[in-house]
Structure formats: structure tokens, C-alpha cells
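Below, each value reflects all heavy atoms present in this structure, side chains not excepted, and no hydrogens, waters or symmetry copies. Order of appearance sets the numbers: ligands from 1, and atoms from 1 within every ligand.
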Amino acid sequence: MEFPKDFLFGAATAAYQVEGAWDKDGKGVSNWDVFSKIEGKTYQGTNGDVAIDHYHRYKEDIALMAEMGLDSYRFSISWTRIYPNGDGKINQKGLDFYNDLINECLKYNIIPFVTLYHWDLPQKLEKNGGWTAERTLKAFEQYADTCFKAFGDRVKHWITFNETIVFARHGYIFGAHPPGRLNDFKNYYQVLHNVFLTHAKVVLNFKHSGYQGDIGITHVFNPAFPADDKLSSKKAADHANMFDTFLYYDPILKGTYPEYVLTHLKQKGYDFDLSQEDQETLLKAVPLNDFIGLNYYQPMRVVANESNASRELSREASTGGAGAVSYDGVYKTVSLPSLSYTKWGWEISPEALLDGLHLLKEHYGNIPIYITENGLGDEDPVIDGEIKDTLRIEYIKDHLAFLKKGIQEGIELKGYFAWSAIDLLSWLNGYKKQYGFIYVDHQNHLNRKKKDSFYWYQEVIATRGENL
Ligand code: BG6
């Protein structure tokens, strides 16, 4: 079987991780421009000042993507290029850059799939309370509308936010992303709600203003499974799914929050402001979402945390491997000898992706889904100048094969975006952890080179995945 004709084979990046040019052409300062320069926050002090210089080399990069045959390129817009201060004056040069980037994609019939927020918040707004402050929510609505107006004649696929769980949790509980708060649970839950409410308002505006196209949100997807057959592990997995999946998907897909979560938050004193009006807004937006984006890397194998141990807070502990106590102390993730893992300790399980998709279907019915990220972070072997990323090929091949099975089993899958189109800056792992089909030589003027996976993905796209 081939993948359906309108299924999008794509690849993704995010502005801060590729663009560089952090202070060029009127761009304002983002929270990551500041945070990455605080000692100890990122791997070897890496930052996105230059990144892989996609800002200046996007033509070359998009030509390579076109050669690979991508149907679609998922990239994000840097808010501070458009509004240097978050709100206020628009920077025309920022609009020009994204107009050029979008036009370059279209020149090759590559569909631009645009994320409005992939974590780089204008520093002015961060300083003013970030996602806890009303001003940020209003500013985002305005920024989103500006993008719809400026690019909406050509961009027909929009993602509002990338992985709320990750930027909120790392920012307010682990201190690993800006604003670098530790264990600020109260604000963590408030930020989640503020973001989901803002998403709902943006979706309502998009549809009511008559913009044409599809709009949705992207969540990280880490379905939890009990690591053994103990009842306590089963309960731990249920709890993990409530707090790591349904808490994020329910407000978007049902317009409510899970009772289980709300009850827990009340008991702990972490309940957030949820007015009648907010609830109505969430509900109104539900049927207007055109899709949901899932970023899937790994599932969680969990057991109950029966000790008093809490999560160790360090940069390394924030990078995602199994073997950590959950952020709320209720469960632990474990690694099992029978399973396979990446060099960074992330489990490799295409089966769990399909099981997870069925879990979502049971809860929400059939919703159009894009896999907006999936891929292997590795240190790719370079042999005689060739980048032999065989493990990445295996990884993506297996995931695509399970997705094909998912389509046959009735999951409404609309596309797949590999993470990432090209090697880029990992927020916390620098340039060491590579994900791309295209290699970037940091020793040699950031020169681009096609990896083995480049040719492999090219063949997959050309044959619409028939041989997978
Ligand atoms: C996702 C993000 O969470 O994971 C990406 O949306 C990120 O921006 C990717 O790069 C991989 O994470 P890491 O930590 O391996 O770079």
C-alpha cells in the first residue's frame, strides 16, 4: 500500500534552532537569546546566535529540501522578528524574511506548515510576567492575526503552539527553560490554561475572520504504559496519562479539563483561574480545530514512586531519558532491559506510537492528526566523509511502517514531519545531538552535506512509502 495521495511527507525545524541572525534586521531580543547565555543552562554554553544560519542560507536549504522531495516544510516564525517587543510596532524586515521564505517553499511546491510559537518569547513580555501575564496573551493574539494577514494568502496550515507541556514544565518546574523557575506549580498550571485559552481565541479569530486554511495545535505525545503487571504500576500509568496527555488534549478536543486532574489540583492548592467565560471560549473553539499535531519520540514505562524521592533537577535530567521521578512525584519512568534506547536514553518504540494513537482514538474519536515531529537524536558516524546515519533510517522506517498500519486501522493520519529537516541546535544538547537528513559541518563554514538518510527519505517520498 502507498500512503494516501494527500498525505504530506515533510520535515520540520524551529526558528531559534536554525535561523541565527539573532539581532539582524530589527529583530528584538527573545527569552532564549537571554536564557541561553546564563552559565550552565545549555550544553557547553551553546546558543542560537548563529545556529546554522538558516536566516541567510534558507535558499540553499530549501533547494535541498526540494531535492529530497518534501511535500511540506514545517518551520516556526520568530515572534521577535515581527514584533521586536512582543507588541507595539511591527518590523517590516521580519515580515519580508518570512515572505521570502514562504515564497521560496512555494517555488518548489513545498507546502509551508507554520508554527507561530516554538518557544522563543519576546524578552520584553517574559520580563513582564511571560505566559502568566494578560499582556502576553493579548500580544500573541495580535501577533497571530498579523501573521494570518501577512502570510495567509499563501500559508494554509497553521500550528499555534508547540508543546505547551514542555515549555511550561521546563520553564516553571525544572528551571531548564526560561523563565527558569523551580517547582512553581501554581504558575505552571496557570500558564497551561492561559496558553490553551489563547489558542482557543486565536482559532476563533482565524475562523470568524474568514481566513482560509487549517489550524491546530501541536502537543508532545508521551503515552504512558505500566512497566510491569503490578496494580500500582497500572494506576501510575493512568495517573501519568491524565497529567501528561489528557490534561493537554482535553481542553483542545473537549473544551474541558479532566475532573481527575482538577480534583488533584484543588487538593494541592494548585487550582488555576478558570472563569465561566474561559470555559465557554474553550468549548466554542473545539469544533473549529482542523487537526492536532503530535510530536512523538518515546512512550513512558512507569511504576509508582513509592519512595519519597523527588525529581533531581539538573540540565541532564531535563533532557528526557527514562529513569526519572515524575515532576509531581507520583510515578517514575524506568528503562527495561528488553527494550531499545537511543544514545540519550530515549526509548525507541514505533509500536507504542500506534498503541498511543489508538488510545487517543478511544478518548476523542477520529481526529485528523499530523505527526509534526518524530526522529532520532544521535551522533552520526562519519565514514570517509559520508554520513552513515543508518540508525536514523531504521528509526524513521519503523515509525512510518507503524503509521501505515495505523491508517489501515482507521487512524486519520494526514502527514508526517521528520524532526528534523537539517541538523540544528538542540535546546539543551547543543549541536552534539543530530536529527537531520542534512548534515551541517560546524568545522567548515556550516557547509551542508546530504546524509544517507537524505537519499533514503527521497526514495520513500518518491514511492509514497509503498515499500515500507
Ligand atoms: C521537541 C521540540 O520537544 O523535541 C524540538 O519541539 C526539539 O524543538 C526536539 O529539538 C528534540 O529535543 P532534543 O532535546 O533532543 O533536542
Side-chain angles (χ1 to χ4, degrees), residues 10-19 30-32 35-36 41-44 46-48 51-52 54 73-79 113-121 159-171 174 176-178 195 216-223 244-245 248 292-300 314-322 324 327 341-348 353 370-380 389 391-392 395-396 399 416-438 440:
T13 65
Y16 185 73
Q17 298 179 272
V18 293
E19 284 180 5
S30 80
N31 58 351
W32 271 94
F35 186 79
S36 60
K41 289 295 184 190
T42 64
Y43 175 73
Q44 294 182 338
T46 36
N47 64 52
I52 59 155
H54 189 57
Y73 172 36
R74 175 184 174 226
F75 59 88
S76 78
I77 293 182
S78 168
W79 185 344
F113 212 108
V114 175
T115 308
L116 290 167
Y117 187 77
H118 203 127
W119 307 352
D120 46 347
L121 181 69
I159 293 169
T160 54
F161 292 93
N162 181 69
E163 296 188 352
T164 313
I165 179 172
V166 175
F167 72 81
R169 197 175 284 178
H170 281 70
F174 301 151
H177 282 198
V195 170
I217 192 169
T218 276
H219 285 331
V220 69
F221 189 44
N222 298 126
D244 288 287
T245 297
Y248 307 94
I292 188 143
L294 307 185
N295 290 352
Y296 174 82
Y297 291 89
Q298 59 170 340
M300 294 191 286
S314 67
R315 192 191 58 78
E316 283 73 20
S318 311
T319 60
Y327 76 105
Y341 295 88
T342 72
K343 211 175 251 177
W344 270 263
W346 293 21
E347 188 190 330
I348 302 177
L353 169 57
Y370 287 94
I371 302 299
T372 40
E373 287 180 30
N374 173 246
L376 176 71
D378 203 4
E379 283 179 279
D380 296 330
D389 57 341
L391 292 177
R392 176 163 305 105
Y395 182 102
I396 297 179
H399 284 78
Y416 174 88
F417 291 82
W419 185 265
S420 49
I422 181 165
D423 283 348
L424 41 69
L425 173 69
S426 162
W427 304 89
L428 301 179
N429 296 286
Y431 297 101
K432 189 174 176 189
K433 194 177 190 184
Q434 298 156 268
Y435 280 96
F437 295 116
I438 302 163
V440 176

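Under the 30°/60° scheme for interplanar angles, the aromatic rings of F113 and Y370 are found to stand perpendicular.
Every side-chain contact (heavy atoms from CB on, under 4.5 Å) that Y43 has, sequence neighbours left out, goes to T46, R315, K432.
Closer than 4.0 angstrom to ligand 1 sit non-hydrogen atoms from Q17, H118, W119, N162, E163, N295, Y297, W346, E373, W419, S426, W427, N429, K433, Y435.
Note that K433 lies in the cation-pi zone of W346, set by a 6.0 Å cut-off to the ring centre and a 45° limit from the axis.
The side chain to side chain contact (heavy atoms under 4.5 Å, CB included) test with L424 singles out one residue from W419, Y16, Y431, and that residue is W419.
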**Request:** Kindly determine whether L121 and W79 satisfy side-chain contact (heavy atoms from CB on, under 4.5 Å), including the steps that lead there.
**Result:** CA-CA 7 Å; L121 181 69; W79 185 344; 3.5 Å; yes
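N162 and Y117 share no donor-acceptor pair across their side chains, judged by distance under 3.5 Å alone.
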